[in-house]
Amino acid sequence: MDELLTKKENAIYVGNEKFIPFISEEKIQLRIAQLGKQLTEDYKGKLPIFIGILNGSFLFLSDLIRNIELKCEVDFFKLSSYGDKKISSGNVKLLKELNADINDRHIVIVEDIVDTGLSINYIENLIRMNKPASIKVVTLLAKPKSIKYDVKIDYIGFEIPNEFVIGYGLDYAQKYRNLRSIYILSEGKN
Ligand code: PRP
């Protein structure tokens with residue numbers, strides 16, 4: 001069986017592409033605790049539904065809601081836009097609908113990364129059709145230089161450059177989501 005990772009001096013090699021440590025597990029968890037505290041204050045007295053966009057958001061959502069000190073609910077959409085490529089295909093496919101009735105509910109959309117904004121834009125339009133009480137967006141990572149769609153992000157963990165990142169839910173051809181920290185492409189084909 002292939003070993004899980006080829007690691008040398010903390011870098012991760014995927015073929016001839018080199019990924020170096022970018023955001024540590026400690027930094028991620030610290031920032032999520034801050035976001036959780038902020039959301040707990042902002043949603044006091046409300047019963048929010050945290051809606052994760054699968055697959056990428058599953059780790060962030062699970063850590064985030066453990067930092068929410070309120071009653072809350074969780075549901076998921078599953079989308080696919082990138083396929084196995086590093087650059088957005090520009091198309092979104094809805095692979096799983098919500099189960100919850102979101103009419104008149106307070107919705108917090110949870111993303112691992114907002115890149116072009118296509119996925120968030122698509123999901124917000126879908127959610128809006130069901131007339132929720134409010135919609136906010138929280139993302140662990142945002143690439144401000146790569147946004148192409150008109151989206152408002154309410155809570156951002158980290159703003160990052162327009163580079164390819166993996167780990168903590170973010171994949172490379174579906175792999176490496178299980179890394180505990182985030183790595184950035186430093187050398188190789190982009
Ligand atoms: C990634 C990520 C976001 C989206 C962001 O999902 O999880 O949902 O791309 O890019 P955008 O702002 O340009 O839409 P992907 O389609 O790769 O699927 P995954 O969540 O299964 O990794």
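One-based numbering, in listed order, for ligands and for the atoms of each. Index from 1, following the sequence. Predicted, not measured: the structure shown is a model, and the values here were computed from it.
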- Message: Looking at ligand 1, would Arg177 count as a contact under a 4.0 Å heavy-atom criterion?
- Response: yes

Side-chain touch [X]/[Y], heavy atoms, less than 4.5 angstrom:
X: Leu141; Y: Ile182; answer: yes
X: Ile53; Y: Val110; answer: no
X: Ile184; Y: Phe19; answer: no

- Query: Which salt bridge (charged side-chain N to carboxylate O under 4.0 Å, His left out) pairs, counting each pair once, include a residue from residues 60-72, with sequence neighbours left out?
  - Reply: Asp63-Arg66

Proximal ligand 1 atoms for [X], defined as those under 4.0 Å from one of its heavy atoms:
X: Leu54; value: 20 (O)
X: Gly117; value: 11 (P), 12 (O), 13 (O)
X: Asn55; value: 19 (P), 20 (O), 21 (O)
X: Thr116; value: 11 (P), 12 (O), 13 (O), 14 (O)

Is ligand 1 under 4.0 Å from a heavy atom in the side chain of [X], in the backbone, in both, or in neither?
X: Lys93; result: neither
X: Asp171; result: side chain
X: Asp112; result: side chain

- Task: Decide if the gap between the ring center of Phe164 and the ring center of Tyr172 is smaller than 6.0 angstrom.
- Result: yes

- Query: With respect to atom 3 (C) of ligand 1, which of Glu111, Lys143, Gln174 exhibits the smallest heavy-atom separation?
  - Reply: Glu111

Name each donor-acceptor pair under 3.5 Å that joins a side chain in residues 94-103 to protein atoms two or more places apart or in another chain, with its distance.
unit_1	atom_1	unit_2	atom_2	d
Lys96	NZ	Phe76	O	3.0
Lys96	NZ	Asn99	OD1	3.2
Asp101	OD1	Asn103	N	3.1
Asn103	ND2	Asn130	O	3.1
Asn103	ND2	Lys131	O	3.2

- Message: Between Asp154 and Lys152 (salt bridge meaning N to carboxylate O under 4.0 Å), is one present in this structure?
- Response: yes

- Message: Taking distance alone, with N or O pairs closer than 3.5 Å, would you say Gly56 contacts ligand 1?
- Response: yes

